[in-house]
Number of protein chains: 2
Amino acid sequence: MTTTANAKSVPGSTSSDAGPGAPKTARGARTRARILQAAEDTFGTLGYHRAGITDITRAAGVAQGTFYTYFAGKEEILRELVRDMGHQVRAYLAAEIVGVGDRLQAEERGLRAFLQYLFEHPSLYRVLQEAQFVDESIYREYYEAFGRGYLRMLADATRKGEIRAGNNEVRVWALMGMSNFLGLRYALWERDVPFDEIVATISDLFRHGLALDGKEKTQ
Amino acid sequence: MTTTANAKSVPGSTSSDAGPGAPKTARGARTRARILQAAEDTFGTLGYHRAGITDITRAAGVAQGTFYTYFAGKEEILRELVRDMGHQVRAYLAAEIVGVGDRLQAEERGLRAFLQYLFEHPSLYRVLQEAQFVDESIYREYYEAFGRGYLRMLADATRKGEIRAGNNEVRVWALMGMSNFLGLRYALWERDVPFDEIVATISDLFRHGLALDGKEKTQ
DNA sequence: CAACAATATGACAACTGATTCACCTTTCCG
DNA sequence: CGGAAAGGTGAATCAGTTGTCATATTGTTG
């Protein structure tokens, strides 16, 4: 149990390595999907550790053994899940910011969309954050993928002169951190501040900084 | 196992409810402290779930049973630990920003100090973040305490005219999120960007925003 | 429709790890 | 010194989990 885990230790396993065997019929595909969905719900509610395979299969309406027809174990289904959910958020966010004028507006839309998404899919937060402690690489992969896309957009914006020059990599991590915490606090814990106000506050930070306008100069 | 856990379910248990019994001699106090320290190391390295009571007591150099002389169980020692560690970071950060000129400078110092602290005490991140899924209230307590102090400072700064007026509560969560992610990425995962540069990047964001200077107006 | 492959079942073996408890050792103090 | 309280021990208990397997069902194809 000292190894960093990895049933199929093929180094560059790019995508769905689907463990034991990918489904070969439509029925199989459907069952696999049901189990995956059940895992999302179960992990989302009980958390990874409290959730048993039993809970997942019960929620999916299949027998325990069926689980192992499609997944090598609990850890593998988590990996699969995070990959899936990652694709979904990114797709959602990308769709929400197509055609906006500039980066600042994209940030506003993106933040609001993220808050909304998290509110509608609370499992995302839990599954993702908990995955971090099951296998750090799953988590890093998610944020690094997310970050790459983000970085590209900031670089574009810098080139177009929409934002100040600066270390965009660092900015990306700062921005992801902000969204994450704002989402946790205001979309998951307590919806006591309207998303509009949150977005406005952050937008003001992006447009003017925290300092009084023009008061401070770059030292 | 459905309840949200709580050995001693006294509602307003403010502080060290020290479970079974607080130590009554110096020897006892020492042993308790050794166990707490061992728990920090063990949770920090293996994580909460992989760490067994056995691992903790072995690291502390005591027998299994001794653990239960001072703590009601695994969950309680985690609670205690987070409380302790919380006090320590806050004290450290507070000490690092005494006597700085204004809020912007305090933010710079604070961020650097946080990165440094995290680098020197990597367990903090893991213990804290994992606690979230063991008992959310432990985690919320930590950030809410942290946030309260932060909010007070921002309110002061607003009053003194050091920063723009705005929703400081929301800002606090945004700022905590930033530090958290920057710490994870640049202090724990990979030290490939000097702290100075990170601080400079964020400082620039605070002083000027992301937008080109003076280009954008409040809509 | 016979025969074979893919799916599905669920009882259970094997194991892990938290907590208990009956008993021993050290310390303290009148 | 005596004995009571505090501290310490670790084998045994006990609850819960994962993953396996022999068997049954369903679907497919020549």
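Owing to the predicted nature of the structure, the values given are computational and were not obtained by experimental measurement. Reminder, nothing fancy here: chain letters follow the sequence lines and each chain counts from 1.
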What is the nucleic acid contact for B:Ala51, judged by heavy atoms within less than 4.0 Å: base, sugar-phosphate only, or nothing? sugar-phosphate
Check your understanding: Does a nitrogen or oxygen in the side chain of B:Tyr68 sit under 4.0 Å from OP1 or OP2 of D:dG8?
Key -> no
- Message: Less than 4.0 angstrom from a charged side-chain N to a carboxylate O is my criterion; do A:Arg79 and A:Glu76 meet it?
- Response: no
Here the distance between atom C1' of D:dT17 and atom CZ of A:Arg58, to the nearest Å, is 13 Å
Touch class at under 4.0 angstrom, heavy-atom based, for A:Ala60 against every strand present: nothing
Checklist entry - So is B:Arg126 actually on top of A:Phe133's ring, under 6.0 Å and inside 45° of the axis? => result no
task = Answer yes or no: is there a donor N or O on one side and an acceptor on the other, between the side chain of A:Glu96 and the main chain of A:Gly110, under 3.5 Å?
result = no
Next on the checklist: Would you say B:Lys24 places a side-chain N or O within less than 4.0 Å of OP1 or OP2 belonging to D:dG7?
Outcome noted: no
Quick note, A:Ala63 side chain, CB onward, closest among D:dT26, D:dG19, C:dT9 is C:dT9
A:Phe67 CZ to C:dA8 C1', in whole Å, measures 15 Å
The nucleotide from D:dG10, C:dA8, C:dA11 with an atom nearest the side chain of A:Arg27 is C:dA8
The answer to which of B:Gly65 and B:Thr25 contacts DNA chain C further toward the 5' end, by nearest nucleotide, is B:Gly65
Check: Can we say B:Glu190 and A:Arg140 salt-bridge, meaning some charged N sits less than 4.0 Å from an Asp/Glu carboxylate O?
Finding: yes
In whole angstroms, the gap separating C1' of D:dT18 from CD1 of A:Ile56 amounts to 12 Å
B:His49 atom NE2 is separated from C:dT16 atom C1', nearest whole Å, by 14 Å
When rounded to whole Å, the CD to C1' distance for the pair A:Gln64 and D:dG16 reads 12 Å
Side-chain contact check for B:Thr31: nearest option of C:dT19, C:dC12, D:dG8 is D:dG8
query = Reckon B:Thr69 has a side-chain N or O less than 4.0 Å from the OP1 or OP2 of D:dA6?
reply = no
Atom NZ of A:Lys74 and atom P of C:dT16 are separated, to the nearest Å, by 16 Å
Here the distance between atom C1' of D:dG19 and atom CD1 of A:Ile77, to the nearest Å, is 14 Å
Here the distance between atom C1' of C:dA18 and atom CD of B:Glu76, to the nearest Å, is 15 Å
5'-most contact on DNA chain C (nearest-nucleotide basis), B:Ile53 vs A:Thr66, goes to A:Thr66
(request) Before accepting this row, confirm whether a basic side-chain N of the pair A:Glu107/A:Arg103 lies closer than 4.0 Å to the acidic partner's carboxylate O. (result) yes
